[in-house]
Amino acid sequence: MHSKNRISDPRIEELLTVVQSRTSLSAHSIKQGILEHLIYSLGRSPHEAPKQAYYKALAFAIRDRLQHRWINTVQNYLKGVRLKKDVKVVCYFSAEFMIGPQLENSLINLGIEPEVRKAVADLGKDLDELIALEAEPGLGNGGLGRLAACYLDSLATLERPAIGYGIRYEFGIFDQHIRDGWQVEMTDKWLRGGNPWEIAKPEVAYYVGFGGHSESYRDNRGDIRMRWIPDRMVKGVAFDTPVPGYRVNTCNTLRLWSAEACESFDFQAFNTGDYYQAVEEKVISETLTKVLYPNDEPEAGKKLRLSQQYFFVSCSLQDMLHLLDITGQAITEFPDRFAAQLNDTHPAIAVAELMRLLIDERLLSWDDAWQITCRTFSYTNHTLMPEALEAWSLALFQDLLPRHLEIIYEINRHFLDEVRQRYPGDDERIAKLSLFDETNLRHLRMAHLACVGSHSINGVAELHTELLQTSILKEFYELWPVRFNNKTNGVSPRRFMVLANPDLTELITETIGPQWITRTDQLQKLEAYAEDPNFRQRWLAVKHDNKVRLAGYIQKQIGISLDPSWLFDIQIKRIHEYKRQHLNLLYILTLYCRLKRNPTLKLPPQAFIFAGKAAPNYAMAKSIIKFIHAVAETINHDPEINCLLRVVFIPNFNVQKSQIIYPAADLSEQISLAGTEASGTGNMKFALNGALTIGTLDGANIEIRERVGAENFFDFGHQAFEVQRLKREGYSPSSYIENDQQLAEIFHLLDTGHFTHGDREILLPLLDNIRSIDPYMVLADYADYISCHERICSLWQDQDKWTSMSILNTARSGCFSSDRAIREYCDQIWKVGPVPIKLPPENADRPLVEHDQR
Ligand SMILES: *Cc1c(COP(=O)(O)O)cnc(C)c1O
């Protein structure tokens, strides 16, 4: 390569020798890279190095191969901005990024898995074993955090400039252990072995204040201005993780902030002789990013949580302003250079913080600052449940962010003036719209702050957006209908098909070519094969192998054996009453009772697989986990039953595990009470992997059913409007038990402690709650759920028909790719186009795309 005569510049020649050994994608060079890192980065002899060291050396070698793409991507964006090429960067603000393991994803995106497998084998190691050693960065709770990760994947693949901004939690979502059927939480020490994917940038750091007071002063033009005198400062340091696109040179950045004590503050205390206080200060500062709050739906009131939110938002906005400055842009250009998306209300304080930075620090006028702010932000709502809407008590807020509270009062004053002009005398409406909830001990409503400060407000599925507009944000919709829009969620086909389901990927690619991986609408071409007996056979064989893989995992980890020919019926997601894992249990118990009554009953053998974490302080959800284990233990040990039914709970559900489970499902359980699940994304992962869905008409289930066809989807239960009517008319759960012999029998068995070794107490709070309140109407949907399952059982007998339906589910689910969602966000909200990245000559290796996929 040195002799390529088109390169004559000696400086490039020099770079070439440095760079080439780390950019080459050949097996030989990758092997060299692994050895080099083993010896020089990790200080190990290749002969005695443990597998963990090999994993890490491999990770470093692969990161090397992303590095020049990453550096060039950032340089290209900056250069583009300097040349006034209208480059605009998406800044995705999210308190959670559940990115999952990085190694295999990088191999797939670079397209070098075969070379790496060979390199690793040459060193006497097995690639899959090394991949399995990666600690999962579990920096999220569930759907919302995983969505943010899928969106970063799609932004990079679609070559859109983007930065993910979030928090580098030292402890991510807890590890779930099961003891005696109960969930036990253990801290997730994911950084224990070091994280080869992140690069610390200690020089990229910003100061963030807390507490104190504000004061007025006259600026040098004689105008009165405000400034904030915080009484504590924390330093935020950037840790960057590469986000490579699929077979493109684009490699975007996930920038997570870690809290450190400020040296200057330490020093001050040191001077006054209080060394120990200085150390204490340091400890307090660093607890800020210690741990992720493990609640799936936010709960109110924790000061540390508000501190975390403000901390990462302030660092991110300061970083954006810094980027604007170094490219020589005027502050008025800010909204043309950056589009900032608020992933739920967790980062909503950004509205007040940008205002503060603009008026207090950049000395802009209120009106100019407000215009910039509203043009910059857009807001995604993720929940309809009133108790999940974030609200901060004013006392707490005042204590932590006094200057922001003043600014928010001012925002509210301007806003309500506008409302009064539109609706003179309508005090009720004003109370409903106000940023402050005056009824509830005075709280600040973060969703309202996000709405007022954003030019776009979106829900995450059609039904959800509709319900937003008619319920919790109704008055905002009436005020600003054009701000509202829907962006149905999506999932990455790279992670959840190519990576998670390689056999299916191969079969599809062999049949319709590889373009579907970035153009999932092309999956439609599979429709032509839905009735082809040969193709059906192969489709079925792939599903069977995936079930063998999952059964092997379950046998090894939990010691329960499952027959892969059984129907695999799977519900994996956070444990929550609204998601109704207990409704699923009532079906299993119904089958149990029927079999006990009639042991010769004809029934297809079924394996019920659950997984999911419960928030540590959510007693009802933890009882549901115990309930699942109680039923599992009884059924799995009963020889009359376990030849037809088995129940498994897979502990510690995370991205890594999800990749084994989704592809092995025959049936996907999406059974939330209609009107409660905003969208769901698990439902999409299942459908793309050819599972049929049993689901309520809730969230994106409705759109999945529309796409795959009602005849290929099993819907049941009350619809959202019927749920509302039932509630209005007075819902009485006990009457359902009185009028249904089967339900009465199940509750009787449970009450006698039949599944709990005679213990009548442990499940009682859960059972009583269902009998007396049943907040998510499990009993109202029970009968329809059972009869829906009966239809599924009879269809399962016809494997050809089932397989055709499975093929059609995959073929017609292409629109649930996160690429589709991101294209919509880019075109309709962010106005951000592609910026293809060209590598300079010294970095030009073989192109990543052998076949044209665009
Ligand atoms: C997709 C996903 C979720 C979200 O699942 P839902 O069924 O939409 O609630 C949660 N956790 C993990 C690890 C996931 O991959």
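First listed ligand is number 1; within each ligand, the first listed atom is number 1. Small disclaimer: the values here were computed from a predicted structure and weren't measured.
- With sequence neighbours excluded, the residues forming a side chain to side chain contact (heavy atoms under 4.5 Å, CB included) with Lys543 are Lys547, Asp666, listed by chain and number.
- Counting only distance, with no hydrogens or angles, the side chain of Arg705 and the backbone of Ala700 share no donor-acceptor pair below 3.5 Å.
- The aromatic rings of Tyr165 and Phe93 lie perpendicular to each other, with more than 60° between the two planes, well past the 30° mark.
- Separation of the Phe686 and Tyr662 ring centroids falls under the 6.0 Å cut-off.
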Ligand-protein N/O pairs under 3.5 Å (ligand 1):
| from | atom 1 | to | atom 2 | distance (Å) |
| --- | --- | --- | --- | --- |
| ligand 1 | 7 (O) | Lys573 | NZ | 2.7 |
| ligand 1 | 8 (O) | Thr681 | N | 2.8 |
| ligand 1 | 8 (O) | Gly682 | N | 2.9 |
| ligand 1 | 9 (O) | Lys579 | NZ | 2.8 |
| ligand 1 | 15 (O) | Lys685 | NZ | 2.6 |

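- Ring to ring, Phe653 and Phe610 are not that close: their centroids are 6.0 angstrom or more apart.
- Formation of a donor-acceptor pair under 3.5 Å by the Asn141 side chain with backbone atoms of Tyr293 is found in this model.
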